[in-house]
Number of protein chains: 2
Amino acid sequence: MTRHNTPVESVIFSGRKIPAYNLLSEAALSRIEDQADWILREIGVEFHGDATALELLAAAGAKINGKRVRFEPGHARELCATSPSEFQLHGRDPTRTVTLGGDNVVLMPGYGSPFVSDLKNGRRYATLKDFHNFVKLAYSTPALHHSGGTVVEPTDVPVNKRHLDMMLAHLTLSAKPFMGSVTAPERARDSIEMARLVFGRDFMDRNAVMQANINVNSPLIYDDTMTRALRIYAEANQCVCISPAIFAGAMGPLSPAAVAAQTLAEAMVGIALSQLVQPGCPVVFGSFHSSMNLRTGALTFGSPEANMTTMALTQLGRRLGVPVRSGGGQITSSNAPDGQAMQDSAGALWSTLLSGAHQVWHAAGWLEGGLVMSYEKFILDLDHCGAMLKLLQGFDTDDESFGRDAYRETGPGQNFLSTSHTLRHYTTANFEPRISDAGPYETWSENGSLRADQRATAQWRQMLDSYQQPEMKPGLAVALEDFVSERKAAMPDEWY
Amino acid sequence: MTRHNTPVESVIFSGRKIPAYNLLSEAALSRIEDQADWILREIGVEFHGDATALELLAAAGAKINGKRVRFEPGHARELCATSPSEFQLHGRDPTRTVTLGGDNVVLMPGYGSPFVSDLKNGRRYATLKDFHNFVKLAYSTPALHHSGGTVVEPTDVPVNKRHLDMMLAHLTLSAKPFMGSVTAPERARDSIEMARLVFGRDFMDRNAVMQANINVNSPLIYDDTMTRALRIYAEANQCVCISPAIFAGAMGPLSPAAVAAQTLAEAMVGIALSQLVQPGCPVVFGSFHSSMNLRTGALTFGSPEANMTTMALTQLGRRLGVPVRSGGGQITSSNAPDGQAMQDSAGALWSTLLSGAHQVWHAAGWLEGGLVMSYEKFILDLDHCGAMLKLLQGFDTDDESFGRDAYRETGPGQNFLSTSHTLRHYTTANFEPRISDAGPYETWSENGSLRADQRATAQWRQMLDSYQQPEMKPGLAVALEDFVSERKAAMPDEWY
């Protein structure tokens, strides 16, 4: 019996067809927006070590006092107004181009894990080989639309050279959109230079092909590393994603309302800066937030409080008129790809997608609060991504969907399996996951009583075995490799 | 470090505070309702072996042709109009009384499994001891509000005597509302008689204290076993829940739209019958439906198609003005309490609760498509029930929630953990699950690298160890036991 999957590839770019869920009332949203304005007027945001950023903000009318920047109510929001509500992020294969904003949904793999794990080899530091593997896996699945960024930390490469190998991998092993480096100005510039080798400078001056994640050093600080990277990408008219990062109770007050307001305040300031650098620069309203066990200090993911905050932030971002990167994704604090991991992850993805987020990081692989990228969890998450993409399509209520002819062929008590209506539709009616097992217990036992995570091992191996590298113009791969070699040769290794 | 849980007990009866998600537009809902009317006019529903039911329906104006009953468009809906949109289901401990309808949510354990499993003793036929255990567990947790019905099949008790032991358990080991037997008229009568010993006939003539699940023999057949039970409960003014049972593609066409329409059609007929027996009788619009792998015939649960159908049915039931028992719950086809089980279950519960269902069966324990009640899955599910109950409460956006004083105490870059705002709220801010582990990998490894299901074993044992039987008036337990003994002595054992 061959497996058959609904062609989710076609789902991806046809967009959401079910309404977004609105958790909060108009009144509640206004109160949160007012609190964001209060934060920006009364407390303000600090910019550390970037005089240019301060000058841009001062020229736009913000009140500057040393590093501290304050805004009159409504001012930061006004400065965001030139950012596009919807834009394309181009893949080097045009069929992989995605749209951010509107009714579109872009799912991405996990980001930033220093460790990987799989059931055979256990937990270990991530290497460039793992990085390559996850780029290949993300390219191979129709359930993800984006190659991601630091899908894992290639810890066997010197810190100051990792961005070169990571860019090379995204540009050659995948043809989906990707993220560039932000960890130092020269790394940001290298990332853009490498993309220009592939896409051309003219094209990139007019079109976004890559994203940069600008993390706020929450609470209320923009570091110069981040603002310089922001300015470099914005000047190149590439997409910046502004991501406040708040664990409720540590980097902000403990309540969902407060975290939502502070995230909005911090994000509006970064979005404003991007628009001052380059009006109309494509921007994403990002967030990363979660809850904590406030007695132990342990970080928790997929909690009801975090999920509510996720839903609130999507609403707030949509009101701001900027594509929203949700703070959710398939995230968990679990140390294994077990029931907890999938319970946490499923809830986080439901809150993310039902609320109408446009871009979802960490949609596959994340384990241990992000410390680990798990090969098996990645596969389990893909199944759920596919299922949710199917759900976002809703269902038809046209005449054909009701199958009146099937009732005429059968009648009370009869089976519909052999009706012509069923035969017309049975191959495409249902999303079919790859790992879920609906077979009988006896068969499952005879096959070794494998849990879902154990069944996932064969799947990621098979995907890597059958991976096919996307084509690239002759000479281009060489040019990219030459760029990497030259840049590497020009720098001594740095390991921290 | 002691564990602390948000007191979800208080959550339970304070009701949903976030809006219900409306998957379908007004136009789509109308089309499904029209299709339900088409089914009832063109195809009709059969009543097998119950002349009284046919007479009641004929007298109300339905068209009868042998067993087949047809309705003019809108007629079945009209006959449902006397059913209450909201009513109480009384516990013998009044603090356990629940309300069905409105903004209330009532969660229940799984129903009907012939097998149980736990990690130590494996998979085996369920016994009365297991039945007692699950009644005790459901009574002990604030995450469930109802004792359920056939929480497992007590297979060591003769079939014709099981209802007596099950009723005795619900009435003595729990004080939450429960379900009575429907599998034969005399068992239904016994169930009501036993409840009357506890609640009094007068009270029960005016108030519902129990529910009966009336399964439709879908497609489009009501068997006499079910309609007789329906009439017995409705005559006693106890709650009937009408549950069509449709696997898409087998007992109806394969599309969500068709399953929703057929479920609505079948349910309206049963609800109408209950109102003809006893106008104003409390009724629940139930459903049980799921999807199948249409190539293998395997039943699948938590699929996107089933979850969409769940959401649609909740909307349709709310429009009908009757409390809705969702077809969801924490259901899965997985053979183990693993990642698949929790991914399926979490999605099914999200679709159930976000869409606004009032009553949720199978909220805890269900495994293997309902063949198995798993002790460990029960515990994992309870965590998710608690989390979702917290989520249904939404969050405050009052002045206190924004923590302005915390910003004044701190400032950019500072930690909020020791602010007075955090100290005022940290013990109650977050729902804390019992099984989820957010601790570091090293500690987790040192403790044996236990998966979530493995950690759950200690929890259900501890809950059974610390179970405290609710008090009962002296003599009442004896009266119940005498009733059971007399009825058992009056019948030879029947094992099928």
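Contact annotation for B:Ser351: both backbone and side-chain heavy atoms come within less than 4.5 Å of a heavy atom of chain A. Only the side chain of B:Ile39 comes within contact range of chain A, with at least one heavy atom under 4.5 Å from a heavy atom of that chain. Neither the backbone nor the side chain of B:Asn217 comes within less than 4.5 Å of any heavy atom of chain A. B:Glu442 touches chain A through its side chain: at least one heavy atom from C-beta onward sits under 4.5 Å away, while N, CA, C and O do not. At a 4.5 Å heavy-atom cutoff, the contact between B:Thr422 and chain A is made by backbone and side-chain atoms alike. Contact of B:Asp399 with chain A is made through backbone and side chain together, with heavy-atom distances under 4.5 Å. Within the 4.5 angstrom heavy-atom criterion, no atom of B:Met388 approaches chain A. Both the backbone and the side chain of B:Met308 come within contact range of chain A, with heavy atoms under 4.5 Å apart. At a 4.5 Å heavy-atom cutoff, B:Ala341 makes no contact with chain A through either its backbone or its side chain. Both the backbone and the side chain of A:Asn415 come within less than 4.5 Å of a heavy atom of chain B. For chain A, the nearby part of B:Leu24 is the side chain; its heavy atoms alone come within less than 4.5 Å. Using a 4.5 Å cut-off between heavy atoms, B:Gln35 contacts chain A through both its backbone and its side chain. Contact annotation for B:Ala312: only side-chain heavy atoms (C-beta onward) come within less than 4.5 Å of a heavy atom of chain A. With a threshold of 4.5 angstrom between heavy atoms, B:Leu299 approaches chain A through N, CA, C or O but not through any side-chain atom.
When B:Gly249, B:Ser449, B:Ala336, B:Ser291 are compared by the number of non-hydrogen pairs under 4.5 Å with chain A, B:Gly249 comes out ahead. Interface summary for chain A: among B:Ala258, B:Ser333, B:Pro253, the most heavy-atom pairs under 4.5 angstrom belong to B:Pro253. Contact tally against chain B (heavy-atom pairs below 4.5 Å) for A:Pro412, A:Ala257, A:Ala306: the top residue is A:Pro412. Listed options B:Gln454, B:Gln262, B:His48, B:Lys377 were ranked by heavy-atom pairs under 4.5 angstrom with chain A; first place goes to B:Gln262. Interface summary for chain A: among B:Met342, B:Arg404, B:His421, the most heavy-atom pairs under 4.5 angstrom belong to B:Arg404. Put simply, of B:Ala346, B:Ala406, B:Gly347, the one with the most heavy-atom pairs under 4.5 Å next to chain A is B:Gly347. The residue among B:Gly439, B:Ala28, B:Ala261, B:Gly252 with the most heavy atom pairs within less than 4.5 Å of chain A is B:Gly252.
Between B:Phe416 and B:Tyr407, the ring center distance clears the sub-6.0 Å criterion.
A:Ser345 pairs in a side-chain contact (heavy atoms from CB on, under 4.5 Å) with only one of the listed residues (A:Leu367, A:Thr332, A:Leu380), which is A:Thr332.
Rounding to the nearest 0.5 angstrom, the gap separating the OG1 atom in A:Thr300 from the CZ atom in B:Phe431 is 11.5 Å.
Side chains of B:Glu266 and B:Ser218: a donor on one and an acceptor on the other come within 3.5 Å. Counted by atom type alone, B:Glu409 and B:Ser420 present one or more donor-acceptor pairs between their side chains at under 3.5 Å. Under the 3.5 Å distance criterion, with hydrogens and angles disregarded, a donor-acceptor pair is assigned to the side chains of B:Asp338 and B:Ser334. Residues B:Ser255 and A:Ser401 have side chains that never bring a donor and an acceptor to within less than 3.5 angstrom of each other.
Salt-bridge annotation for A:Asp396 and B:Arg31: absent, with no side-chain N of the basic residue lying under 4.0 Å from a carboxylate O of the acidic one. In this structure, B:Glu376 does not pair ionically with B:Arg455, as no charged nitrogen and carboxylate oxygen lie closer than 4.0 Å. For B:Asp437 and B:Arg451, the salt-bridge test fails: no basic side-chain N is under 4.0 Å from an acidic carboxylate O.
Below 30°, between 30° and 60°, or above 60°: for B:Phe301 and B:Phe247 the angle between ring planes is above 60°, a perpendicular geometry. By the 30° and 60° cut-offs, the orientation of the rings of A:Phe47 relative to A:Tyr222 is parallel.
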